[in-house]
Amino acid sequence: MSGPTDSPHAAHFDAVIVGAGFAGMYMLHRLRGLGFRARVFESGTGVGGTWYWNRYPGARCDVESMEYSYQFSNDLQQQWEWSERYAAQPEILRYANHVADRFDLRRDIDFDTPIASAAFDEQFNCWRITTGTGRAVSATHCIMATGCLSSANTPKFEGLETFRGACYHTGRWPQHDVDFTGLRVGIIGTGSSAVQSIPIIAQQARHLTVFQRTPNYAVPAHNAPLAPEVQQAVKANYGDLRQRARQMRNGIAWPVTQKSALEVTREERRAEYEARWARGGLSFSGSFMDLLLNKEANDTAAEFVRDKIRAIVHDPATANLLTPKSVLSCKRLCVDIGYYETYNRPNVSLVDISALPIEMIVPEGVVVAGKTTPFDVIILATGFDAMTGALNKIDIRGIDGVPLREKWAAGPRTYLGLSSAGFPNLFTITGPGSPSVLTNMLPTIEQHVEWIADCIAHLRANQLHRIEATLPAEDAWVEKVNEIAAGTLFPTCNSWYLGANVPGKPRVFMPYIGFPPYVETCNAVAAGGYTGFALS
Ligand code: NAP
């Protein structure tokens, strides 16, 4: 494929890929393998995406290492050795760098190069893309590998810029080590990032104050070194593990008890929860098949965790504040290493900001209910403008110059989470409307990358220059995504899945629930000659 360029100096590619995280790297590798000319633009100075930016103390994956890894290359999955059950951020970043080197990816990646805008040129059926560094390129296809949790959410706290000490966001952590020894540290937020970093920071800081708006459920990780024989046993049958994972709703191979929590006795239920608690990790939410379908069933699991919190945290008032009242797993379950235990330390205090929010930030510290707590460091563990934030940061314009932000003003609208009507030749890897954040991201990324690569190869083979989701297909898909979510307990809390964490963001459930039926639909669409798309 070739296309026009504005000037002899502007480059044209078959595909421009935005982002060099796990999605962008594999997309580049896959397209190159098919003989396409692709170029990646990445705002960071290195590969790794979320694992490049989220370097906060304690950052670690909540999916087990043997599953949170690529499977497209058997040599890679056989040769790479993971050191722990749940890999920590430095190890995952080493893995990302290993992949970049192993497949010689860096020669087609521009680092320190954010994308500012992408506009569809209808005359030439191509995307005209400009970088934040002022470069202009064009590409037949524009592939957004921008990540689901990559646009940091920094609440507009009055006076934040006046704070005299250091201020860090967990999702934009500095490249250098941050030492909290002897310092008074305040952390805002109690989601996964805070749950992971609080126990580590508490061990260093003179005093750590946690500002909590909503308590979250956390289950123990029971992280441990990964024994070589365990790793070998998985590798001997890696295909089996991957195959089992593909059959699961979330793409992870842990077992889900195919019974209602309400059809077993109280003792059986307790035994199941205890066994899952002892095993550790996200599999707790698979204790019974209806935990996210039936409130009464969910209550039994929620009450089990509440009991655990009350048993771990010594001070009853603190334990009570830490005890969530909402539906378990409605917000992403946190996986912790000593989180609740940390509140038993004399140098840690919890401030409830559910009724009286942070009033303002002053040069000395944080003001709540008229009282200033002084700090040397403030940490914003306030999460992300999830799923749409990174896309909306780029000025993306489709047919007739319509901005994607404008089209998505009432919430994202996509077909399969891969494409949006009015934006031909634009693909979103793990975009809104796909299973993405409700799954193990690595296999989900691979599925999208392979589908997109096959699609582009199909266009080339048939001498087609343009693919665009049709409006009826998109409308039906959006309806389906909503309908499935409405049959669950997911819409009952203010999660980032719904955009409820960002003031003013439309409340729309963004991910598609159910990996296996989703994959089946994508495969059927491709096998049917890309049904729901207009090809020309
Ligand atoms: P998060 O789950 O959205 O948590 C953000 C926290 O900040 C919440 O406690 C939120 O309170 C609070 N907050 C936001 N705005 C606030 C405001 N104006 N005032 C006071 N508090 C405010 O973000 P996250 O912890 O970064 O995690 C996001 C997702 O990233 C996770 O759910 C997970 O999917 C992923 N993640 C995964 C891992 C892992 O693999 N282990 C680790 C970290 C993150 P409310 O709850 O009241 O909104």
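First listed ligand is number 1; within each ligand, the first listed atom is number 1.
- The aromatic rings of F72 and H29 sit tilted relative to each other, their planes meeting at an angle between 30° and 60°.
- Protein heavy atom in closest approach to atom 40 (O) of ligand 1: D62 N, 3.0 Å.
- Counted by atom type alone, Q89 and R94 present zero donor-acceptor pairs between their side chains at under 3.5 Å.
- Of the candidates S193, P357, A87, the one placing a heavy atom closest to atom 24 (P) of ligand 1 is S193.
- When the options L333, T214, N216, T170 are ranked by their closest heavy atom to atom 47 (O) of ligand 1, first place goes to T214.
- Ligand-side atoms of ligand 1 in range of I188: 20 (C), 21 (N), range being under 4.0 angstrom from any heavy atom.
- Counting heavy atoms under 4.0 Å from ligand 1, residue Y56 touches it through the side chain alone.
- Ring geometry, Y68 versus F22: the interplanar angle exceeds 60°, so the pair is classed perpendicular (tilted spans 30 to 60°).
- Listed by number with element, the atoms of ligand 1 under 4.0 Å from a non-hydrogen atom of T190 are 6 (C), 8 (C), 9 (O).
- Contact between Q212 and ligand 1 is absent, with no heavy atom of the residue lying under 4.0 Å from the ligand.
- Salt bridge K308/E274: present, at least one basic N to carboxylate O contact under 4.0 Å.
- Judged by distance alone, the side chains of E91 and S83 do bring a donor and an acceptor atom under 3.5 Å apart.
- Both tests hold for R55 against Y52: distance to the six-membered ring centre under 6.0 Å, angle to the ring axis within 45°.
- Close approach of ligand 1 to G189 (heavy-atom distance below 4.0 Å) involves ligand atoms 6 (C), 7 (O), 9 (O), 12 (C).
- One finds no salt bridge joining K393 and D385 here, because no Lys/Arg side-chain nitrogen approaches an Asp/Glu carboxylate oxygen to under 4.0 Å.
- Taking every non-hydrogen atom of F157 and a distance limit under 4.0 Å, the qualifying atoms of ligand 1 come out as 17 (C), 18 (N), 19 (N).
- For atom 14 (C) of ligand 1, the closest non-hydrogen atom of the protein is R213 NH2, 3.6 Å.
- Between R244 and D240 there is no salt bridge, since none of the side-chain N atoms of the basic residue sits less than 4.0 Å from a carboxylate O of the acidic one.
- Atom numbering of ligand 1 starts at 1 in the shown order; those under 4.0 Å from a heavy atom of G191 are 2 (O), 4 (O), 6 (C), 9 (O), 25 (O).
- Less than 6.0 angstrom separates the ring centroid of Y168 from the ring centroid of W173.
- Proximity of C334 to ligand 1, defined as any heavy-atom pair under 4.0 Å, is not found for any part of the residue.
- When only non-hydrogen protein atoms are considered, atom 28 (C) of ligand 1 lies nearest to W496 NE1, 3.7 Å.
- Using a 3.5 Å distance cut-off with no hydrogens or angles, the side chains of R246 and Q447 do not pair a donor with an acceptor.
- Residue R60 approaches ligand 1 through these ligand atoms, each under 4.0 Å from one of its heavy atoms: 39 (C), 40 (O), 41 (N).
- Here the heavy atom of the protein found nearest to atom 5 (C) of ligand 1 is A381 O, 3.3 Å.
- Annotation for ligand 1: atoms under 4.0 Å from non-hydrogen atoms of L149 are 29 (C), 30 (O), 34 (O), 35 (C).
- The protein atom (non-hydrogen) at minimum distance from atom 23 (O) of ligand 1 is G383 CA, 3.1 Å.
- When only non-hydrogen protein atoms are considered, atom 46 (O) of ligand 1 lies nearest to K331 NZ, 2.6 Å.
- Relative ring orientation between W451 and F427 is described as perpendicular, the plane-to-plane angle rising above 60° on a 0-90° scale split at 30° and 60°.
- Interface of I353 with ligand 1, defined as ligand atoms under 4.0 Å from a residue heavy atom, comprises 20 (C).
- Look at E364 and R184 and you find no salt bridge, because none of the NZ, NE, NH1 or NH2 atoms lies under 4.0 Å from a carboxylate O.
- A salt bridge between E483 and K480 is absent, with no side-chain N of the basic residue lying under 4.0 Å from a carboxylate O of the acidic one.
- Contact analysis leaves G171 out of contact with ligand 1, as no non-hydrogen atom separation drops below 4.0 angstrom.
- Closest heavy-atom approach to atom 44 (C) of ligand 1 among the candidates G281, S197, P215, S192: S192.
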